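Beneath this line is the structure, given in structure tokens, with notes to follow.
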Amino acid sequence: MSAARAWIAVLGVVAIAVGPARAFYLPGVAPKEFEDGDRVEIKVNKLTSTKTQLPYEYYRLPYCKPEAIENVAENLGEVLRGDRIVNSMYDLRMGVDESCKVLCRKELSDKEREQFAEFVSQEYRVHWILDNLPAATKFVDDSVPGEPVTVYDVGFPMGFRGSADIPNTKDGVSYLNNHVAITIKYHKDASFEGSRIVGFEVEPSSVKHTYQGSWSDQSPPKLTSCSGGAGPHALSGGAEAIFTYDVKWEQSDIKWASRWDTYLLMGDEQIHWFSIINSLMIVLFLSGMVAMIMMRTLHKDLQRYNQLEVAEEAEEETGWKLVHGDVFRPPQKVMLLCVSTGTGVQILGMLLVTMVFAVLGFLSPANRGGLMTALVLLFVFMGVPAGYFSATLFKTLKGGPAWKQNTVLTATLYPGVVFVIFFVLNFFIWGEASSGAVPFGTLVALLLLWFGISTPLVFIGSYFGYQRKPADFPVRTNQIPRQVPEQVWYMQPAFSIIVGGVLPFGAVFIELFFILSSIWLHQFYYVFGFLFVVFIILLITCAEITIVMCYFQLCAEDYHWWWRAFLTSGSSAAYLFLYSIFYFVTKLEIEKFVSGLLFFGYMAIASLIFFVMTGTIGFYACYWFVRKIFSEVKVD
């Protein structure tokens with residue numbers, strides 16, 4: 001265990017080194033240079049709201065639309081995220097400033113105004129992309145006196161609701177942001193020709209445009225409202241809406257490789273660092289205590305038991321050695337246990353490899369959808385170890401001739417549960433006409449990945465698992481099961497399982513807050529160095545708490561440890577789901593039924609994945625521990 005703590009210390013140093021370096025780029029992504037006068041295209045993406053969690057396509061609302069819509073090719077992760085990237089009418093030229101340039105004039109029907117007003121009341125934000133950079137609104141965080149920090153908030157608000165605090169507005173009336181001031185930062189250097197874009201800021205505003213004479217789309221009249229003084233554009237007013245924009249180019253010292261730094265800057269970074277280090281210290285201290293207690297106690301037990309054998313006083317034995325004839329008796333529901341551990345290995349491998357790629361920078365935010373795509377594909381390819389571990393354990397526990405059923409269930413049981421929940425939620429999203437609904441073609445592609453690649457890989461792993469000779473247990477199993485004595489209240493299965501999940505959850509709940517915020521509050525999360533350290537701490541904590549609880553259980557002469565080992569660390573998933581309820585109540589403002597259903601549906605999937613993974617870690621740690629201690633004692 002001391003070696004494990006030393007490794008965590010090394011990983012802590014790695015996290016400190018990797019944590020600040022959050023903006024290095026996806027290897028292979030090349031910068032693009034623009035010459036003066038070159039067209040710079042703004043692409044429009046989706047509309048999002050933290051109140052509804054339902055993204056919509058940009059042109060679902062009657063914005064200015066080009067004659068031909070050109071869809072940008074999207075990867076699997078982008079489709080699952082609800083991204084729908086298309087072209088726009090905005091005409092930007094490198095280095096050319098614009099002032100109050102007309103984009104288009106729209107005559108909004110009553111239904112269209114109501115639609116805009118509804119989206120504004122739900123606080124929807126608009127997302128654009130320019131040279132692979134997302135549009136952002138800039139604000140200055142002056143919470144630390146004397147150290148103002150520029151922070152980006154991704155996207156910009158579609159509009160706002162009037163109130164007594166906002167001049168020229170009426171309380172409760174929705175106002176449309178029909179004018180945007182676009183600021184594009186670029187970097188020049190002698191090492192390359194042209195300019196590289198390093199910043200994309202948008203400042204929206206609402207302007208009730210006026211003009212003289214009649215309107216003509218071919219030659220729009222000069223607007224008289226651009227010099228200021230015009231009130232905001234109320235959606236309860238007339239049907240006319242004129243969309244305009246300013247363009248300002250600013251030279252910047254920011255290098256292209258560092259242009260994501262401001263996007264990834266966390267406003268509460270000091271609290272984040274303090275919380276992570278504090279959690280790390282607490283878990284390391286507890287791990288050290290657990291390791292010390294276990295080593296001392298076990299060492300004394302082994303000495304005492306072996307001395308008893310020598311002195312021929314075995315009849316006075318007490319404690320865990322008494323159950324040596326039953327400790328390796330196969331448990332109830334062997335197949336479900338093997339399927340669960342196989343899927344747990346699959347999930348564990350998927351997350352480990354994903355995190356390694358993320359720490360190395362291969363899953364940069366510049367590669368939109370890369371993280372989701374990597375998770376799906378790695379889960380598919382981890383079918384080989386899933387089948388191997390499930391089959392090996394099934395054969396070791398003498399599961400019988402039902403190896404085909406075991407393999408099929410390993411490939412389909414837990415993925416099937418997740419797919420059913422996902423499919424049902426997708427029906428509700430379809431009903432809301434949201435871009436977050438996965439298209440039918442993508443669902444077919446997911447099914448092909450599942451049954452065409454993942455399932456055959458599980459069978460391949462299972463084949464090699466069954467070809468391997470099963471491991472021999474260090475002690476023989478008696479033919480007649482030993483009666484388990486009555487247990488004290490604190491050693492009852494339910495109580496010990498509930499208590500066992502506290503420590504693993506305590507190792508991750510601080511980081512869990514930031515992860516949930518990135519998902520449900522649409523914030524960037526890119527401190528994978530810290531996440532990797534927390535993940536290693538979770539693995540060690542799950543293993544240690546399960547070993548401790550298993551030891552106490554065996555000392556109480558209860559040899560039914562197989563499922564309890566899985567459930568002890570796996571129960572941390574229940575705390576994760578309870579925490580998600582707390583987060584929903586305290587941090588989110590979701591009111592719609594479908595939005596709440598999405599939150600709890602996806603958190604149920606996350607909790608199930610967490611349960612299977614942590615349960616598998618605890619099971620294999622306890623399996624190794626039981627084999628180890630019973631191989632050290634002398635038994636006739």
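These numbers were taken from a predicted model, which means no experiment stands behind them.
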Using a 6.0 Å distance limit plus a 45 degree cone around the ring axis, check whether Arg627 lies over the aromatic ring of Tyr623. yes
Side chain to side chain donor-acceptor pair (under 3.5 Å) filter on Ser572, not counting sequence neighbours, yields none
Please check if the distance between the ring centroids of Tyr575 and Tyr579 is under 6.0 Å. no
More than 12 non-hydrogen atoms from neighbouring residues, nucleotides or ligands closer than 6.0 Å to OH on Tyr463, yes or no? no
Side chains of Ser390 and Asn406, donor plus acceptor under 3.5 Å: yes
Among residues two or more places apart or on two chains, list those pairs meeting ring-ring contact (aromatic ring centres under 6.0 Å, His included) that have a residue in residues 329-356. none
Using side-chain contact (heavy atoms from CB on, under 4.5 Å) as the criterion, point out the one residue from Val356, Leu531, Leu375, Leu378 that pairs with Leu351. Leu375
Could you pull out the closest heavy-atom pair between Val408 and Thr412, with the gap in Å? O-OG1, 2.7 Å
Smallest separation among heavy atoms of Gly601 and Ile421, with atom names: O-CG2, 4.0 Å
Rounded to the nearest 0.5 Å, how far does OG1 of Thr455 lie from CD1 of Ile460? 11.0 Å
More than 12 heavy atoms from other groups under 6.0 Å of CZ on Phe464: no
Less than 6.0 angstrom separating the ring centers of Phe566 and Phe611, yes or no? yes
Quick one: are Phe535 and Leu352 in side-chain contact, heavy atoms under 4.5 Å? yes
If the condition is ring pair (Phe, Tyr, Trp, His ring centres under 6.0 Å), which residues does Phe599 pass it with, not counting sequence neighbours? Trp520, Phe584
